[in-house]
Structure formats: structure tokens, C-alpha cells
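Sequential numbering from 1 along the given sequence is applied to the chain's residues.
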Amino acid sequence: MANKPNEPNTPNKTDAAGTADANGAGDRLTVAVLGPGGVGGLLAALLSRAGHRVICLAGDDTVRALRDTGIRVRSGQFGDFTAPVEADTELRAPVDACLVTVKQTALDSALTRVPPTALGDGLLVPFLNGVEHPAALRERYRPDRVAPAVIRVESTRLFPGVIEHGSPFAEIDLAGDPVPRPRLDALAAALAGAGPATRVVEDETSALWAKMSFLAPFALLTTRHGLPLGDVRTGHRVELTALVEETAAVSRACGAPADPDRALARYDAFPPGTKSSMQRDAEAERPLELDAIGGALLRAAERHGVPVPVTARLVRKLREAGH
């Protein structure tokens, strides 16, 4: 039987860097997690196990499950464990940081659970695919508190509160050009102390485009052909190479470095059965993040006058297929 989570605690007061006062535990943060799915559930459980106060924000059914059983994690890297978390349908008091780990397709409705007045001075940390979300979030929340993050991990929510972490790694890049560096450092320290390898990177644009340059070819091709990465990189190598080169050209035009040869080498190093999250969503008939990935790539290419015929054809075909 799973361990029952502790009753909610009253958080210690924290300063701007998230360090608890003299009466509390040093460096203990209060972190909200919007969307405790594969990524959010894993981070919530790891942070809770490390001693931080964690509040998961979700729908009624998930909230009940998390209150009853906490979050159970199965992980070759971090072990199998159960961590208690608090859960609510809406953020009701300020936190040090709110991790946004929903899909881009659910972002607008999910953000109603995080009123700007409740977030207060807390960081908003989106772990989202694409490159356009920071600007949109800065229109809604304090611009100097939006800290985009990139995570490299394979983690799946099997059921509410049950997470399977399948990759032998979990790596986070934390950015936010206008965010005070002490705030980024405090959150990075908490995440690193909980388990994931975490670093603060200087250039937000480069961090987001580094992920986009890898994700876009992977997601678009595996979804279009309904094949895992191994079959794509062998049976559709020419198309993969062209798409990687197009994405790299757009990345460079946006001011971020890109290395097509390195990207191809990374694909070749992945297990052949690897599927993209977009492909898994298509197989489950869930909404796809096609606009956040393919659409954003096309819009950036148009702004900078970069020709991307392979990308345009793939996005068109996926849209014609009803995605």
C-alpha cells in the first residue's frame, strides 16, 4: 500500500532567493507544479523527497489521487519510491517557483489555475516545447519572473500519481534573460539537489533553439511516418538530413548556434525504438503540439526569409491528416 502523504504544512517565509528564515530548514523551497504528468510528476516527487514543499495543481480526480497516495515513481536512475505532495485545483498563495509542465495544447486552460496575483513574486518556469511561449507568458505574468527551462528526459504518467522514468538521465537547462541570477541559482540548486543534472545557461534563445533543433525533425518525421526513430533514421535518412539542415538554418537566423552533424549524431545514438511524444500523442488520438513545434518553426523561417520546403511539406501533410 502506498504511503499516505503528510498533512499540508504552513510554509516558512522565504527571501527572494528562496532561503528559509532562521526558524525553518535552510534552502527549503515551496514549489508548485502545474500539470503533474510524466515530467511534472517526476520533478514534484523528486523535490518532495529532497525536503521541499510541493503543491501539485491539477483537476479534481488527479488532486484526489495525489492527496490519497502521493506520487509513486519507478526509475532506474532515482529508484522506486513514493513521495507525499500537496494538491489543489488552483494556486492560492505565493510560492518560490511554479513549474509549468503541461502540454502546449493545454496551456491556456491550465494557466487559469495560476492567477498572477497568487503567484506574486514567484518564478514561472515553463518546461514547454517550442520557442514562442516565453513572450506570451511575459504578457500575462511579471516578465522578469518568467524563467524558461529545457528538460531532457523520458518520463511517462501511467496513472494519476504513478510515474515511470525510463531514460537513464534527467537533465535541465534553466534560463531567463531578465530574471535575477540569484533566483535562477536558488532553483537550480534545489533541482540539482533533488536529482536531475541542472545548470543555469546564459542565453535563453540558444537554450530554446537547441531543443527545437533536435525536437522538430524528430517529432515531425516520427509522427508523419508512424515509425520509431530507428526506422526514420535508416529508411528516411535523406528527409531527416534535410529537415535537420533546415531547422539549423532557422536557428542560426534567430541568433542561436546550430550544428546539423551533431544533431544527426545524437539521433544515431538513441535506441532504435525511441518514439517522440508527438508520435505517442498521435497514436493515442490526443491533440498534437504541431503548431508549437512545426508552426513555430515555419513562422520563424518566414520572418527571417529562410527557405524550409521539407518542413512546410511535413507540416502540411500532418495538418491534412487531421492533426
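Between Pro196 and Leu46 there is a side-chain heavy-atom pair separated by less than 4.5 Å.
To the nearest 0.5 Å, atom OG1 of residue Thr89 and atom CG of residue Asp61 are 12.0 Å apart. Between Arg233 atom CZ and Leu227 atom CG the span is 12.5 Å, to the nearest 0.5 Å. Note that the OG atom of Ser276 and the CG atom of Leu229 stand 9.0 Å from one another [nearest 0.5 Å].
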Hey, can you pull the donor-acceptor pairs under 3.5 Å for the side chains in residues 293-301, sequence neighbours left out?
| unit_1 | atom_1 | unit_2 | atom_2 | d |
| --- | --- | --- | --- | --- |
| Arg299 | NE | Glu132 | OE2 | 2.9 |
| Arg299 | NH1 | Asp291 | OD1 | 3.0 |
| Arg299 | NH2 | Glu132 | OE1 | 2.8 |
| Arg299 | NH2 | Asp291 | O | 3.3 |
| Arg299 | NH2 | Asp291 | OD2 | 3.2 |

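Note: His236 and His225 have parallel aromatic rings, judged against thresholds of 30 and 60 degrees for the angle between ring planes. Ring-plane geometry between Tyr267 and Phe214 is classed as parallel, the angle between the planes falling under 30 degrees on a 0 to 90 degree scale with a further cut at 60.
Taking the charged nitrogens against the carboxylate oxygens, Lys211 and Asp173 have no contact shorter than 4.0 Å, which rules out a salt bridge.
Screening Leu34, Leu43, Val153, Leu174 for a side chain to side chain contact (heavy atoms under 4.5 Å, CB included) with Phe127, the sole residue that qualifies is Leu43. With respect to Arg183, the salt bridge (charged side-chain N to carboxylate O under 4.0 Å, His left out) criterion is satisfied by exactly one of Asp96, Asp121, Asp144: Asp121.
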Trace of the salt bridge (Lys or Arg N to Asp or Glu O under 4.0 Å) decision for Asp88 with Arg113: CA-CA 9 Å; Asp88 206 338; Arg113 303 189 190 280; over 6 Å; no

Salt bridge (Lys or Arg N to Asp or Glu O under 4.0 Å) between Asp68 and Arg64, worked out: CA-CA 6 Å; Asp68 288 343; Arg64 283 192 293 269; over 6 Å; no

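In terms of the side chain to side chain contact (heavy atoms under 4.5 Å, CB included) criterion, residue partners of Pro271 (sequence neighbours excluded) are, by chain and number, Thr274.
The environment of Glu90 atom CD is dense: over 12 non-hydrogen atoms of other residues, nucleotides or ligands sit within 6.0 angstrom. No more than 12 heavy atoms of other residues, nucleotides or ligands shown are found within 6.0 angstrom of CZ on Arg199. Atom CD of Glu171 sits in a crowded spot, with more than 12 heavy atoms from other residues, nucleotides or ligands closer than 6.0 Å.
Sorted by first and then second residue, the salt bridge (charged side-chain N to carboxylate O under 4.0 Å, His left out) pairs involving residues 235-245 (not counting sequence neighbours) are Arg237-Asp268, Glu239-Arg313.
Hydrophobic clustering, with ILVMFWY side chains joined whenever heavy atoms are under 4.5 angstrom apart, groups Val232 together with Val310.
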